[in-house]
Amino acid sequence: MIETKRKAAIKNRIMIMMTVFAVLLASLLSFFSYQLISYFQRKTTIQATEFNLQLIAHIIEQDLLNLSVLAMACSTNSSTNAKLNDYFLSPNPKPMDALHAFSSMQEDFRVNRSNSYVRRLIVTDHKDKFIQLDNSVSVSLPLTIHNLNQFPGLAADATETWERVIQDPLSRSSAIPFVMPIYGANADRIGTVYLLANTTVITDKLKGYALPEDSSLILTLGERQYQMNGDKIVPFPVDYKTSPYRQVETSGKMTSLSLMETKDGGTWISVSYPVRQGVALTQTLSEKQFAPQFNVWLLLMFGVCLLVIAASGMITVYLTRTISLPVEKLRKRIDKIAQGNFLVDRNIEWNNELGDVGRGINRLSQDIVALMNSRVADEKQKQELEYRMLQNQINPHFLYNTLNSIKWMATIQNAAGIAEMTTSLSRLLRSIARDIRKLVPLQEEMSLLDDYFLIQNYRYGSTITMEKKIEPKFRKYRSLKT
């Protein structure tokens with residue numbers, strides 16, 4: 001009865017643990033999947049925005065570069081600049097000088113690939129001379145020396161590089177000024193080239209641009225920011241502060257991410273890509289675009305929980321049926337081994353992992369029997385070895401005692417040669433039998449050599465001699481034992 005209750009308690013514990021595990025696993029899976037998909041959704045959206053801005057920025061950059069080249073052709077190091085020098089610096093200019101300069105400017109204008117975006121191109125010496133190229137003469141008031149100073153930024157010392165959007169004072173169009181000095185032969189400033197580019201150089205590239213809801217497209221010119229409103233560019237109306245945004249890495253080094261926070265609590269992620277120095281395109285992304293529908297994820301979490309709980313219940317039933325009986329048989333077999341029954345039981349060698357345990361238990365039984373037999377054999381061998389060691393200890397003692405007796409008998413009988421040979425032989429045998437050192441002092445080795453020579457000298461009737469020459473300093477060294 002107690003054993004049945006114990007088994008039932010274990011089964012209940014397994015079911016409770018599986019249920020808790022299933023709920024935790026489902027919750028963690030739902031949470032991490034929510035976070036993971038949110039992260040990848042955020043990353044994908046930002047990278048897609050970055051790619052779109054990069055594509056448009058490169059197209060705009062090319063047009064702005066072409067327009068800059070057009071203005072620079074009047075500024076320095078060109079045939080147009082040389083003709084403008086002749087016209088501006090001549091004290092008595094001829095109409096042909098102005099015509100030649102105009103024709104050269106017109107040729108530069110004609111071959112420029114972005115000339116359609118030029119609202120007007122003006123060169124002037126800020127005195128009484130100027131030349132203008134205009135793409136839309138019919139919709140503009142005529143330019144004269146009297147209204148020339150109405151153009152913003154057209155001063156004798158002005159320079160400006162795509163820094164703002166202005167209203168053309170002689171027409172209704174908006175334009176972006178590009179102002180450069182005109183240099184003379186000695187690198188002196190002799191005038192100004194004033195190029196007004198239509199804002200369509202920017203807006204034309206954005207036609208068909210899919211801008212999500214709650215997002216804005218911002219154009220940065222110098223230190224000013226403008227909002228793209230269809231084909232219009234208006235000052236950005238929102239006051240905000242920015243901070244770095246590091247939750248997602250950009251795919252390009254030139255792209256910058258920041259977090260825009262307005263005073264009314266609004267939050268946007270801004271993706272900015274530079275067109276050229278001082279000019280950048282920025283798209284804002286609302287946090288709402290990155291938030292998956294919470295209700296859908298809540299239903300998904302409950303669904304995953306139910307599925308995991310159902311699966312864990314079936315697994316629990318299967319485990320209790322397929323593991324309990326084999327484990328019980330293995331336990332009984334271990335109890336028999338503990339009682340001294342080491343016979344091999346092939347009934348516990350199933351074709352699964354528990355069968356591997358059963359085979360291990362049978363091998364353990366065999367190993368125990370082999371170990372016991374080995375221990376018995378080792379004990380017998382140990383006893384025989386001890387007996388032989390005793391014998392070997394007796395034999396040398398007997399030999400040394402016998403040689404010692406011979407020595408004293410020879411001494412008593414005044415047989416000095418026999419006594420000396422016996423003493424030398426005894427020392428040689430004792431060194432061989434007891435001295436296990438590999439290196440011995442050279443002095444001891446020479447003493448053994450003397451004993452060996454003494455025995456050989458008596459053997460051959462004193463017909464041999466031995467001469468030793470050893471430096472005294474070498475006597476303290478060690479040599480291999482012979």
Side-chain angles (χ1 to χ4, degrees), residues 53-54 56-76 112 114-124 126 130 132-135 143 148-183 189 191-206 216-229 231-240 242 254-256 258 260 270-284:
L53 292 177
Q54 181 179 357
I56 295 173
H58 287 167
I59 300 174
I60 296 175
E61 179 188 20
Q62 187 59 50
D63 284 330
L64 294 182
L65 180 61
N66 292 338
L67 296 176
S68 301
V69 170
L70 179 61
M72 291 175 64
C74 300
S75 176
T76 182
N112 193 281
S114 302
N115 58 16
S116 60
Y117 295 112
V118 178
R119 176 63 191 86
R120 63 178 76 241
L121 177 63
I122 304 171
V123 292
T124 179
H126 298 287
F130 72 91
Q132 175 188 235
L133 292 178
D134 192 343
N135 255 339
L143 178 65
L148 186 63
N149 59 359
Q150 295 181 12
F151 287 91
L154 183 55
D157 57 350
T159 57
E160 189 171 339
T161 307
W162 315 120
E163 296 179 2
R164 55 179 170 166
V165 176
I166 65 171
Q167 180 71 36
D168 188 339
L170 303 182
S171 67
R172 296 181 179 180
S173 60
S174 298
I176 305 173
F178 182 81
V179 185
M180 292 187 68
I182 299 176
Y183 294 103
R189 184 166 184 165
T192 300
V193 53
Y194 188 87
L195 186 147
L196 277 181
N198 281 323
T199 54
T200 53
V201 71
I202 305 292
T203 58
D204 281 354
K205 314 303 184 298
L206 299 174
S216 300
L217 201 57
I218 302 172
L219 173 66
T220 301
L221 297 176
E223 297 181 355
R224 299 175 177 84
Q225 288 189 327
Y226 301 89
Q227 184 173 357
M228 312 299 294
N229 237 345
D231 58 350
K232 296 181 180 180
I233 300 179
V234 298
F236 191 64
V238 181
D239 187 16
Y240 62 91
T242 60
M254 299 179 65
T255 308
S256 60
S258 59
M260 299 172 55
S270 68
V271 184
S272 182
Y273 191 86
V275 177
R276 55 177 302 159
Q277 186 168 2
V279 183
L281 281 176
T282 302
Q283 180 177 333
T284 62

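Numbers here are sequence positions counted from 1.
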Exercise. For H126 and L148, what are the C-alpha separation, side-chain angles and deciding distance, and is it a side-chain contact (heavy atoms from CB on, under 4.5 Å)?
Worked result: CA-CA 9 Å; H126 298 287; L148 186 63; over 6 Å; no

For this session: Please say which of I176, V118, I166 ends up in a side chain to side chain contact (heavy atoms under 4.5 Å, CB included) with L196.
Result: I166

Problem set entry | R224 side chain to E163 backbone, donor-acceptor under 3.5 Å | yes

Problem set entry | Any pair counted as ring-ring contact (aromatic ring centres under 6.0 Å, His included), so long as it reaches residues 148-173, sequence neighbours left out | F151-Y194, W162-F178

Exercise. Of the non-hydrogen atoms in T192 and A155, which two are nearest, and what is the gap between them?
Worked result: OG1-O, 3.4 Å

Exercise. Which distance, rounded to the nearest 0.5 Å, do you find between the OG1 of T76 and the CE of M180?
Worked result: 8.0 Å

Seminar exercise, completed: In this structure, CG of L53 is separated from OG of S272 (nearest 0.5 Å) by 8.0 Å

Exercise. Measuring from T220:OG1 to L281:CG, what's the distance to the nearest 0.5 Å?
Worked result: 8.0 Å

Problem set entry | Spacing of I202 atom CD1 and M228 atom CE [to the nearest 0.5 Å] | 6.5 Å

For this session: Over all heavy atoms of both residues, which pair between Q62 and S114 is shortest? Give the atoms and the distance, please.
Result: O-OG, 4.4 Å

For this session: Any chance you could measure I122, atom CD1, to L143, atom CG, to the nearest 0.5 Å?
Result: 5.0 Å

Exercise. Minimum heavy-atom separation for L67 to A197, with atom names?
Worked result: CD1-CB, 3.6 Å

Exercise. With a 4.5 Å heavy-atom cut-off, do T282 and Q225 have their side chains touching?
Worked result: no

Exercise. Rounded to the nearest 0.5 Å, how far apart are CE of M260 and OG of S216?
Worked result: 7.5 Å

Exercise. Among D134, N198, N135, which one satisfies side chain to side chain donor-acceptor pair (under 3.5 Å) with R119?
Worked result: D134

Exercise. Taking atom OH of Y183 as the centre, does the number of heavy atoms from other residues, nucleotides or ligands within less than 6.0 Å exceed 12?
Worked result: no

Problem set entry | Considering all heavy atoms, the nearest A57-V275 contact | O-CG1, 3.6 Å

For this session: Check the pair R120, L170 against side-chain contact (heavy atoms from CB on, under 4.5 Å), reporting the backbone distance first and the verdict last.
Result: CA-CA 11 Å; R120 63 178 76 241; L170 303 182; 3.7 Å; yes

Exercise. Taking all non-hydrogen atoms of both residues, which atom of G153 and which atom of E160 are closest, and how far apart?
Worked result: CA-OE1, 4.3 Å

For this session: Applying side-chain contact (heavy atoms from CB on, under 4.5 Å), run through D231 and T200 and close with a yes or a no.
Result: CA-CA 7 Å; D231 58 350; T200 53; over 6 Å; no

For this session: With side-chain contact (heavy atoms from CB on, under 4.5 Å) as the test, would you mind laying out the steps for R189 and T159 before giving the verdict?
Result: CA-CA 12 Å; R189 184 166 184 165; T159 57; 4.1 Å; yes

Exercise. Heavy-atom distance under 4.5 Å between the side chains of L221 and V279, does that happen here?
Worked result: yes

Exercise. Sub-3.5 Å donor-acceptor pair from the side chain of S270 to the main-chain atoms of T284, do we have one?
Worked result: no

Exercise. Considering all heavy atoms of both residues, which atom of Q150 and which atom of P169 are nearest to each other, and what is their separation?
Worked result: O-CG, 3.8 Å

